[in-house]
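Notes follow once the structure below has been shown.
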Number of protein chains: 2
Amino acid sequence: MGKPNARDRILTAAGQLFHHQGYSNVGINEIIKQADTAKASFYQHFRSKEALCEAWLQDVHDRSETSRADIIAATETSVEDRLITYYEHLSAFLTNSNFRGCPYTNTSAMVDTECTGVVHQIRMHKESLREFFVLLVQSGYPDGDTEILTKIGNQLFILYSGAATESQNLGDLWPVESAKQASLQLLSSIE
Amino acid sequence: MGKPNARDRILTAAGQLFHHQGYSNVGINEIIKQADTAKASFYQHFRSKEALCEAWLQDVHDRSETSRADIIAATETSVEDRLITYYEHLSAFLTNSNFRGCPYTNTSAMVDTECTGVVHQIRMHKESLREFFVLLVQSGYPDGDTEILTKIGNQLFILYSGAATESQNLGDLWPVESAKQASLQLLSSIE
DNA sequence: GTACTACCAGACAGACTTGTCTGAAAGTGA
DNA sequence: TCACTTTCAGACAAGTCTGTCTGGTAGTAC
């Protein structure tokens with residue numbers, strides 16, 4: 001139960017600050033103060049602020065990946081119910097973070113294309129999220145036409161993204177509910 | 001064909017820079033350099049950088065508002081065709097701006113809730129965009145149930161937002177096409 | 001002991017930030 | 001010509017930023 005090592009403390013602090021204030025609005029000094037560590041320790045573990053950003057996004061990705069894998073694996077539950085569960089996760093996440101939205105999308109708005117590492121991290125995550133929705137749909141319709149199921153999966157991905165984005169913009173949960181309903185409607189059109 | 005006045009030059013320059021680099025990543029000095037004006041002139045027209053941001057968003061809103069009013073008014077064209085037209089606008093806008101996405105959503109990611117003026121501007125715009133989709137749907141189904149038409153309009157709004165967001169994240173237009181198809185599918189479910 | 005690693009405190013450089021201020025030039029209307 | 005407004009150039013204050021560097025402490029392995 002002791003203090004985690006400096007690297008983990010930095011990653012945790014940076015995660016909170018980046019998410020709540022945005023990458024560009026957080027400085028190294030603020031991060032090391034929150035992490036209760038020294039600047040020299042920071043640069044011992046991370047080449048630069050940008051490298052920290054990459055590590056943070058990687059960390060978030062790894063966590064969310066396992067949570068999605070669980071949902072894909074729960075084939076004893078219907079696609080619809082698993083989708084609803086996933087939207088409940090989103091709801092809780094947004095409420096919990098004061099409607100700060102998707103860390104990847106927010107970061108994408110702040111870095112330019114020269115930050116290739118960060119941009120790559122964002123695209124990897126988004127592609128993986130898209131694939132999750134496709135797999136989810138496929139798992140519910142094993143005999144369905146792959147092309148159609150992929151199309152619907154892509155659409156669910158966009159609805160999910162729009163829900164997170166507009167919940168953040170409006171500071172309200174209704175877009176989440178709305179996107180969930182639309183997703184169910186699109187799913188019901190498969191047969 | 002002479003030089004526009006300083007205020008307009010500043011607004012134009014700031015618009016480009018804010019959109020392409022993001023509000024937090026653009027400084028006053030860069031703006032006045034691009035606008036070919038002096039710092040004193042800047043502060044004669046704008047109280048602060050934040051006030052400039054508000055003025056910029058207001059400006060973008062006014063322009064897009066009239067373009068949407070035209071689409072609502074074109075009742076001789078079907079809802080589906082007008083929706084497709086609007087998605088073509090989005091496509092062109094994203095291509096044109098190197099996939100920099102929605103200025104409002106991007107700005108929302110960079111300012112915190114204390115910037116009440118900016119946050120208000122963002123919410124006003126988003127609410128007006130939501131209303132556009134509702135009015136569009138209603139214009140095509142004058143005898144439809146208002147509650148259902150509003151629900152569908154809200155869903156189209158979220159799809160549109162998700163398309164812009166993920167196009168930016170992935171640097172690709174496929175989400176726009178995908179959202180358009182999903183919108184048409186949801187519309188077709190009305191009767 | 002000795003070597004090694006992890007960590008810490010914080011000064012410092014050099015460049016950047018927003019916003020204020022001084023003082024002057026250019027254009028306009030009467 | 002006189003008065004007025006707009007614009008200009010840029011110094012300046014007071015603070016921020018990232019990243020480097022020096023010098024030191026604590027704990028561990030052998």
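Just so it is clear: chains get the letters A, B, ... in the order the sequence lines come, proteins before strands, and each one is counted from 1.
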Requested in this report: Please confirm whether any donor atom in the side chain of A/Lys39 sits under 3.5 Å from an acceptor in the base of D/dG19, or the reverse.
Outcome: yes
Query raised in the report: Do B/Gln34 and B/Ile31 come within less than 4.5 Å of each other through their side chains, counting heavy atoms only?
Result: no
Nearest of [options] to any side-chain atom of [X]?
X	options	answer
A/Tyr43	D/dT7, C/dG19, D/dG19	D/dG19
B/Asn29	C/dT18, C/dC7, C/dA9	C/dT18
B/Ala40	D/dT20, D/dA9, C/dC8	D/dA9
A/Ala38	D/dT7, C/dC7, C/dC8	C/dC8
A/Lys49	C/dC7, C/dT18, D/dT18	D/dT18

Requested in this report: Answer with base, sugar-phosphate or nothing: what part of the nucleic acid does A/Arg9 contact at a heavy-atom distance below 4.0 Å?
Outcome: sugar-phosphate
Query raised in the report: Just checking A/Asn25: base, sugar-phosphate only, or nothing, at a heavy-atom cut-off of under 4.0 Å?
Result: nothing
Report task. Report yes or no: is the cationic atom of B/Lys49 (NZ for Lys, CZ for Arg) closer than 6.0 Å to the six-membered ring centre of B/Tyr23, at no more than 45° off its axis? Result -> yes
Requested in this report: Quick one: sort the B/His19 and B/Phe93 rings into parallel, tilted or perpendicular, breaks at 30° and 60°.
Outcome: parallel
Could you tell me the separation between the [atom1] atom of [X] and the [atom2] atom of [N], rounded to a whole number of Å?
X	N	atom1	atom2	result
A/Ile28	C/dC16	CD1	P	18 Å
A/Leu17	D/dT18	CG	P	12 Å
A/Phe42	C/dC8	CZ	P	14 Å

Query raised in the report: Do you know which of B/Leu90, B/Leu173, B/Val176 makes side chain to side chain contact (heavy atoms under 4.5 Å, CB included) with B/Thr95?
Result: B/Leu173
